[in-house]
Amino acid sequence: MKRYYITTPIYYVNSAPHIGTALTTIVADACARFQKQRGREVYFLTGTDENAPKVHRVAQERGVPTQQFVDEMAEVFERAWRALHIEYDIFIRTTEERHKRVVSEVFRRLREQGDIYKGSYQGWYCISCETFFASSKIDESKTCPDCGKPLEWRDELCYYFRLSDYESRLREHILANPQFIQPEVRRNETLGFINEGLQDIAVSRTGSDWGVPVPDDPNSGVVYVWFDALLNYLTATGWLERGEAYLDTWPPDLQLMGKDILPRFHATIWPAMLMALGLPLPERLYGHGWWIVNKQKMSKSLGNVYAPLEVAQSLADAAGCELPYAVDAFRYYMLREMPTDADAEFSLEGFEARYNGDLANDLGNLLHRTLSMMHRYFEGRVPDGARLDAELADLFAQQAARVTEAFEAVDFPRGLREAWQIIGAVNRYYDEQAPWTLMKQGNTERAGQVLYAGLIAARLLGGLSEPVMPQVAREIARQLNLSSVPCWSDAVVMNAIPTGHILQEPKPIFPRLQPQRSTGGTPVQAQPTLERDTQATATITMPDTITIDEFKRLQIRIATVKAAEPVPKSTKLLKLTLDVGGEERTIVAGIAEDYTPEQVVGKQIPVLVNLQPALIRGIVSEGMMLAADVDGKAVLLHPDREVPSGSGVR
RNA sequence: GGCGGCGUAGCUCAGUUGGUCAGAGCAACCGGUUCAUACCCGGUGGGUCGGCGGUUCGAGUCCGCCCGCCGCUACCA
C-alpha cells in the first residue's frame, strides 16, 4: 500500500526557524501524526534549501566557508524541529549528492526531449527572491514586485523551460481537480495567474558557482534554484535510485507551504515539471496564511520575528509548566489560530489566553478534577458497573467524527473547537450530576458512573489531541495509566477502561498563569506575563520608526523644473527635466492628473536624488519628487523662498 | 485603475443550496457551585449582520451601486 507522503517546503538556511516556518512544519507534523494515528504508513519530508546563491552570499558575508555554513544551519533546523516535537521521516538537504544527481538527470531528460532549450536572456532579476521578472511586469520599475528590493539587469545565455507549453494542461488539471489547490483563494489566484499567460522560465543562472552545475555544459552556470529545490520532493522518494519502488511513496498526498510560494511555484512550475517528466501530480497542495505581528507582516528586517522555542521556554518559566508541555502548548496555539486564507495575528497575549483558557482551565482541569475525585472517592480504582451514559457516548462519537473530518481538511482551528466541545459537555455533565453530592447522599454507584464519563473523555481527548500535542497526550495516558495513547479508531471505543483499572495520581500538566494581584485584595490590571520576560523572547523593535542614520541615507535636494512634458500613452505621468545644482536629471512623476506641464515649469521642488533609477514607460526616472498627498491628489511642495538649485534638505 | 475576497456582539470569529441565522468562544458584569489548577456551571450584552437601493410572501444569505480593508495585477516612485 502506498505511503501517505507529506511535505513541507525546504527552508532557506540563511536564517533560523521562526514562527512562520514553524507554522508550516507544525501543521505538517500534525497532519503526519494524524494519518499515522489513523493507521496509515506515513512518509513525512522536510529539509533545507542550501543551493541558493543567497545562501552562498550570506555565508560569505559572515566569512564562513559555504559548506560549513550550510552544515551548521541544517543542524540548527534539525535541532529546532526536534525540540518542537516534529517527527519527520526524512530531512533532505539539497547539497546531498543524490539530490544533485536527480537535478542533473531531470535537466538532461527535459533538455533531450526539448522541454528545456537554450536561449538568450535579458531581464530583471531579484537576487533575494531568486526570480526573474518579465519585462512586462516591471517596465515601470526596477524594484522587485515581491520584496521591493532593487533588481539587477541580467543579460546572459541560458536555458529555458517550456512552461508556456503546459499552460492549458495545467489549467485543465486545476479545473478538473478542485482539491488540487487549497484553500479556494489560492486556487483562484493560481488560475488568474495562469490565465494571464505563462512564459517560459529561465532555468539556469550564471554569476555564481554555488549550486548544481548545468550538466554537460560547464559554461552555463548552475541550475535555477527553484528548479533545483522543487525536485527535492522527488529525490526524497528514491526516484532514480530505487527503480519502480519509489512509487510506494510518490506522488505526494499533501504538500504544505505558505501562501506566497503556492501559485507561482508549487502550482505552476512544479506540476509542469512533473508533466514534462511524465510523473503523476501531487494530490493536494495547501497554502496557509501568514502570521502578522502588531498588524505588520513578520519579517527579519522589521525585527518582529519570534523564535518558537524561546516563546515556549518563556511560557514554561512564567507558568511553571514543564518544557515539553509548553512546547505542545505552543503547537496548540499555532494550530488553533492557524491562518488559513487570510493572515492572522500572532501575539503572546493570545498565546497566554489559549494556554490559560483552553489548556489549563479546560483540558488540564478536566483531567485533574476527574482523577482527584476518582482518588478521593474510589481510591483510584475504576468502580464496578461504571458505564458511559448513552447520550454522552453519542456526543463523544459525533464530535470525534467532526474532528476527523476537520483534521483531514487541514482545518485545525475547527477540529480543535470540535474536540473542545467534549470538555464543555463533561463539565456541564458534572455540574448537573454533581458526583460530590451523590457521594454525600451515599449514591456511590451513580457517582462512579458519572466520573467514568470524565475518564473516557480524557482518554478520547488524549487520542484526538495527539497530533497536536504528542507529549501532552502521552502524559494524559500516563495519568490514566494506559499503556499508550490510543490510536484513532481505538480512542472512540467508549467503555474502554475496565472495572478495577488503577489510575495514577493527578498532576497538573498546565499550571495556570497567575495574573498579578495587589495585597489589598483588589485585582490590578493583569500583566501579560510573557511580555515582562523580554530576555527570553525576541526583541521587538518599533516597526514604524527609523534611526537618524537611516534617514541620513536619503539624499533630498531642491530641484528647479526646467522643462515638463506629458509622457505619451499615459494619463498620469509627466516627464520632468530638473536642475539639481548644475546636474540635470530626468524624472517621471505621476502628477499629470493634478498639474499641467505649464504649471510646474520653473517651480522648485524637493527631490529624492539617490533613489534607485527606474524605467517607466521607456523613460529612465532618476529620482522621486516629494509632494503632499491630499486624498490621493499630489500637491507640490516649495521652499519658503527661492533657493539655489541643488540645495540639500535636512 | 482592473480582477478576486472580505466587512456579523468590546475582541476573535461560525453562519450549507434565502424562511428559529441573529450565533459560538474570549473579555466584562451578575448569580450558582465547591470535586478541581481562584476552577466549573448558568444568566446578562439593547450587534440597523459596512451603507443605500432592488428581487422575494420572506435576505448576513441573491442582484446593483457606494464606503472601508486585504490579496493579485497595473501607466505608484
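Throughout, protein chains are lettered first and strands after them, A, B, ... in sequence-line order, and every chain is numbered starting at 1. What you see is a predicted model; the values in this text were computed from it and never measured.
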Picking from rG42(B), rC40(B), rC35(B), which would you name as closest to the side chain of Arg428(A)?
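Of the options given, the side chain of Arg428(A) lies nearest rG42(B).
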Of all the nucleotides listed (rG71(B), rC40(B), rU37(B)), which has the minimum atom distance to the side chain of Phe510(A)?
rU37(B)
Assign each of Tyr377(A) and Asp358(A) to its nearest nucleotide of RNA chain B by heavy atoms, then name whichever residue's nucleotide is nearer the 5' end.
Asp358(A)
Step by step, would you call Gln199(A) with Ser164(A) a side-chain hydrogen bond (donor to acceptor under 3.5 Å, both in side chains)?
CA-CA 5 Å; Gln199(A) 298 183 338; Ser164(A) 58; over 6 Å; no
Can you tell me the distance, in whole Å, between the [atom1] atom of [X] and the [atom2] atom of [N]?
X         : N       : atom1 : atom2 : answer
Gln479(A) : rU37(B) : CD    : P     : 12 Å
Glu322(A) : rU37(B) : CD    : P     : 17 Å
Glu405(A) : rA14(B) : CD    : P     : 16 Å
Asp260(A) : rG71(B) : CG    : P     : 13 Å
Asn356(A) : rA27(B) : CG    : P     : 9 Å
His368(A) : rC39(B) : NE2   : C1'   : 11 Å
Asn365(A) : rC39(B) : CG    : P     : 9 Å
Asn195(A) : rC3(B)  : CG    : P     : 15 Å

Within the structure, does a side-chain N or O atom of [X] lie under 4.0 Å from either OP1 or OP2 of [N]?
X         : N       : answer
Asn188(A) : rC72(B) : no
Arg264(A) : rU73(B) : yes
Arg376(A) : rA36(B) : yes
Arg369(A) : rU37(B) : no

Between the side chain of Asp431(A) and the main-chain N/O of Asn427(A), is any donor-acceptor distance below 3.5 Å?
no
How would you label the glycosidic angle of rG60(B): syn (within 90° of 0) or anti?
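Syn conformation here, the glycosidic angle of rG60(B) being no more than 90° from 0.
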Using a heavy-atom cut-off of under 4.0 Å over every strand shown, decide if Ile509(A) touches base, sugar-phosphate, or nothing.
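It contacts base atoms.
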Scan Ala353(A) against the nucleic acid and name what it touches under 4.0 Å (heavy atoms): base, sugar-phosphate only, or nothing.
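Nothing, no heavy atom under 4.0 Å.
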Please find out if less than 6.0 Å separates the ring center of Phe180(A) from that of Trp270(A).
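Not close enough - the centres of the two rings lie 6.0 Å or further apart.
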Which base, if any, makes a Watson-Crick or G-U wobble pair with rC35(B), both distances under 3.5 Å?
none
Once the angle between the rings of Trp291(A) and Phe346(A) is folded into 0 to 90°, is it parallel (under 30°), tilted (30 to 60°) or perpendicular (over 60°)?
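If you compare the ring of Trp291(A) with that of Phe346(A), the planes turn out perpendicular.
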Can you find a side-chain donor-acceptor pair between Tyr429(A) and Asp389(A) that sits under 3.5 Å?
yes
